[in-house]
Protein chains: 2
Amino acid sequence: MRRRTVTMSDVAREAGVSVMTVSNVLNDRSNVGADTRLHVLEVVDRLGYEINLTARRLRSGRTGTVGLIVPRFDLHYYGELAALISDALAADRMHLVVEQSGASRERELSALSLARLQQYDGVLLGAVGLDTADLDRIHPDLPIVLLGEQDVPDRYHRVQMRNAAGARLATEHLISCGASRIAALGGKLTAPRPEMATYRANGWAGALADAGLDPRPDLVIPLHDYSIAEARATITDVLAAGLKIDGIFAVTDEVAIGALAGLNDAGLRVPDDVQLVGFDNLDISQHLTPGLTTIDPDRPAMVAEALRLLRRQLADKNAAPEHIVSTVSLVTRGSTRNSPCSACTDE
Amino acid sequence: MRRRTVTMSDVAREAGVSVMTVSNVLNDRSNVGADTRLHVLEVVDRLGYEINLTARRLRSGRTGTVGLIVPRFDLHYYGELAALISDALAADRMHLVVEQSGASRERELSALSLARLQQYDGVLLGAVGLDTADLDRIHPDLPIVLLGEQDVPDRYHRVQMRNAAGARLATEHLISCGASRIAALGGKLTAPRPEMATYRANGWAGALADAGLDPRPDLVIPLHDYSIAEARATITDVLAAGLKIDGIFAVTDEVAIGALAGLNDAGLRVPDDVQLVGFDNLDISQHLTPGLTTIDPDRPAMVAEALRLLRRQLADKNAAPEHIVSTVSLVTRGSTRNSPCSACTDE
DNA sequence: GTTTCGTAGTTTATCGTTACACTTTCGAGC
DNA sequence: GCTCGAAAGTGTAACGATAAACTACGAAAC
């Protein structure tokens, strides 16, 4: 039971060849005769040998593994993103592992230590609250692609979303559907550093201003963790406090789901009393009642671009950084009014 | 720019001590003088040294990392589970990484190869479609805890859910609320190997039989991927085909969410026309309209038990396997009828 | 007949740590 | 004065693989 795990030299001894030949067989290198190869493979099988990836990594530097760092495991957005990336990487015979950077800054820095990240061939960094100085610490020689809305120096490869444009699209749609008192739930007008919530609030404010409406600060309702529960409770509170609205732009679909629940709690109907638009086009959003009108960030395209940037860096460490901005589109469903046929724009 | 990464011997040379002393400092071993320690730490900081975890792992065998293998990244259940585990592991100064075993058996075997798993100090194996033979291949000397409903030999440590009991609880509740034609959406009466869908279908059948109702096979509606979209489409189909029901036990909350959408599509009201119960108590379920009555598997307790089993194996490789069965409870909300006050049993 | 070359291997030197065994110094104990 | 033990540190050999350089040998080239 306590048997030591089988190593390559066990296989070599048993097969009567050198360790290097075993390595050559297992890595499909060309300098092995056909019968030797078969014999080695037979011995590998018989002894149940499995390669030690740690040793291979130490020597060769390659791991075949890409890391994806997300803020939290239980955010639906990242779950869907991870599934897409994982499938796409399988084509390159690479493997995805996901780590959580965590809520606290301390845990974030620990998850993002160079030490951890260097275990991967490349890293996809989901929107995390790092500043430029933090990023610089992990810069050395590691292919990184930033996914999301951080505002970082040009030397980083990254794929961004058209946050402001999407928010504007959402808000314009609400206006065109007849809403005029439109809240930005989860938005922030100012923040120490630009982030998702500020970009999207800016898009909201721009659309209102263009329509001759006043983006009043009391219509910007900040959130902390953007959870469904927080959004629901917050909507309940602001309604109880007397805020009058006929439209809500929620900065994420999760926030919109919370808003929907809060509106229901208050006896307000969607879209009759209050219209609602989200942002992210989560899989679940189309299955709510009513279906959630939302902004689709075209995640498949984002993933494709991100992996292209990663492969480029893998192939050439000094590849010039690219800055991709993915397009967004409006998906209208039942949570806003003028969708003559909800199937039209639905996928 | 092309600078080599700093190694321990760079630090040692710069600090004028041996490599071992640097190692001793960084691992908080006791045989280092206070001033030497400070000096080494200063040099580490100055050179920006970060330990190479790969080398440490190869030499010491320890990684400080636990792997969680889940069937898919975009299943909400596993997202929530992963977040809980990650938080709990932080207390042990360990780190969680999540891998997806994937849809296809081929990718499953690759993700679960001993080679991959041996990179972790321990592995939590979420419900995956492995049979006993597969499990045996990855047995050697690796702390593993199985999470979920696999039917595996006693020598594996595992934490199970009371699947049948939960399904029975759900179905009994539907019956007590006046439903009599109750479908088991996503259930399976038979399968090559017992799995979640069969256990839960058995609980459903048991409850019906005990109540003197016939668990007719046409009320068992199988699913393949248990996605929201599939459940919605399937419900639409069976209703169109003329199936008459006044209650649905959905084998997971995601399936229930799809069922809810399908019922809405068909113009059926929940709970007035059809009552609905799910299983898993996802975070989102309480925020649906109506709130979803469901079975709560007490994930925090499951996680605590799973980590206890893991720690036991970490401390003693030959720890006797334990087989924990976690308790389930009913959470009643608006999707079933007699919840006099939905807040009562809600969290 | 000698040189060249391609095929099929082997040998050796690491990759960056840590385990283990060893040395040195110094104060306490008798 | 001498032994003993603890404290503080050093040297060497792995951990298990791979890169790179090298060998042996038969066939083709000239």
Side-chain angles (χ1 to χ4, degrees), chain A residues 3-41 43-44 47-65 113-119 121 140-142, chain B residues 3-41 43-44 47-65 113-116 118-119 121 140-141:
Chain A
R3 67 171 179 271
R4 210 170 49 79
T5 59
V6 182
T7 87
M8 213 174 227
S9 67
D10 296 329
V11 174
R13 191 178 328 105
E14 179 76 13
V17 297
S18 73
V19 181
M20 218 32 231
T21 296
V22 178
S23 174
N24 287 332
V25 168
L26 292 176
N27 289 281
D28 264 321
R29 284 185 274 254
S30 56
N31 45 349
V32 187
D35 39 357
T36 309
R37 154 166 284 123
L38 284 175
H39 179 224
V40 167
L41 287 175
V43 173
V44 161
L47 299 189
Y49 169 75
E50 298 245 15
I51 196 154
N52 182 321
L53 291 175
T54 301
R56 165 185 283 178
R57 169 177 313 179
L58 177 60
R59 185 66 248 248
S60 76
R62 282 281 116 103
T63 79
T65 304
S113 72
L114 181 52
R116 294 216 79 82
L117 298 186
Q118 267 176 343
Q119 302 188 104
D121 284 351
D141 276 352
L142 178 70
Chain B
R3 66 169 180 272
R4 211 171 47 78
T5 58
V6 182
T7 83
M8 215 175 226
S9 69
D10 297 329
V11 174
R13 191 178 328 106
E14 179 76 13
V17 297
S18 74
V19 182
M20 249 345 271
T21 296
V22 178
S23 175
N24 288 333
V25 168
L26 293 176
N27 289 282
D28 265 320
R29 284 184 276 254
S30 54
N31 46 349
V32 186
D35 38 359
T36 309
R37 157 166 280 125
L38 284 176
H39 179 222
V40 167
L41 288 175
V43 174
V44 161
L47 299 189
Y49 169 76
E50 297 246 15
I51 196 152
N52 181 324
L53 291 175
T54 301
R56 165 184 285 178
R57 168 177 315 178
L58 177 60
R59 185 63 249 244
S60 75
R62 284 281 114 107
T63 79
T65 303
S113 71
L114 181 52
R116 294 216 79 81
Q118 269 177 342
Q119 302 188 105
D121 284 352
D141 276 352

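Lettering of chains follows the sequences in order, A, B, ..., and the numbering in each one begins at 1.
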How far does the helix from C/dG1-D/dC30 to C/dC30-D/dG1 bend, going by the axes of its first and last five pairs, to the nearest 10°?
50°

Interatomic distance where [atom1] belongs to [X] and [atom2] belongs to [N] [whole Å]:
X	N	atom1	atom2	answer
A/Asn52	C/dG16	CG	P	17 Å
B/Asn24	C/dT18	CG	P	9 Å
A/Met20	C/dT10	CE	P	10 Å
B/Leu58	C/dT14	CG	P	17 Å
A/Arg13	C/dT10	CZ	C1'	17 Å
A/Asn27	C/dG9	CG	C1'	16 Å

Base, sugar-phosphate, or nothing for [X], non-hydrogen atoms under 4.0 angstrom?
X	value
A/Leu53	nothing
A/Arg37	nothing
A/Thr7	sugar-phosphate
A/Thr36	sugar-phosphate
A/Arg62	nothing

Do B/Gln118 and A/Thr54 touch side chain to side chain, with heavy atoms closer than 4.5 Å?
no

Within-4.5 Å side-chain heavy-atom neighbours: A/Arg37 and A/Leu41
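Contact flag for A/Arg37/A/Leu41 side chains = yes.
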
Look only at the side chain of B/Ser18 and the backbone of B/Thr21, and say whether a donor-acceptor pair between them is shorter than 3.5 Å.
yes

Under 3.5 Å: donor-acceptor pair, side chain of A/Asp121, backbone of A/Arg62
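Looks like no, no N/O pair under 3.5 Å.
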
Closer than 4.0 Å, any side-chain N/O of B/Arg57 to the OP1 or OP2 of C/dT18?
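B/Arg57 to C/dT18 OP1/OP2: no side-chain N or O under 4.0 Å.
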
Between C/dT18 and B/Ser60, is there an OP1 or OP2 to side-chain N/O distance shorter than 4.0 Å?
no

Between OG1 on residue B/Thr65 and CZ on residue A/Arg116, distance to nearest 0.5 Å:
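So the gap between those two atoms works out to 4.0 Å.
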
Any residue meeting side-chain contact (heavy atoms from CB on, under 4.5 Å) with A/Ser23, in chain and number order, not counting sequence neighbours:
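If we apply the side-chain contact (heavy atoms from CB on, under 4.5 Å) test to A/Ser23, skipping adjacent residues, the hits are A/Met8, A/Met20, A/Asn27, A/Arg29.
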
Under 4.0 Å from a heavy atom of chain A: give me the 5'-most and 3'-most nucleotides of DNA chain D that qualify.
D/dG16 to D/dA20

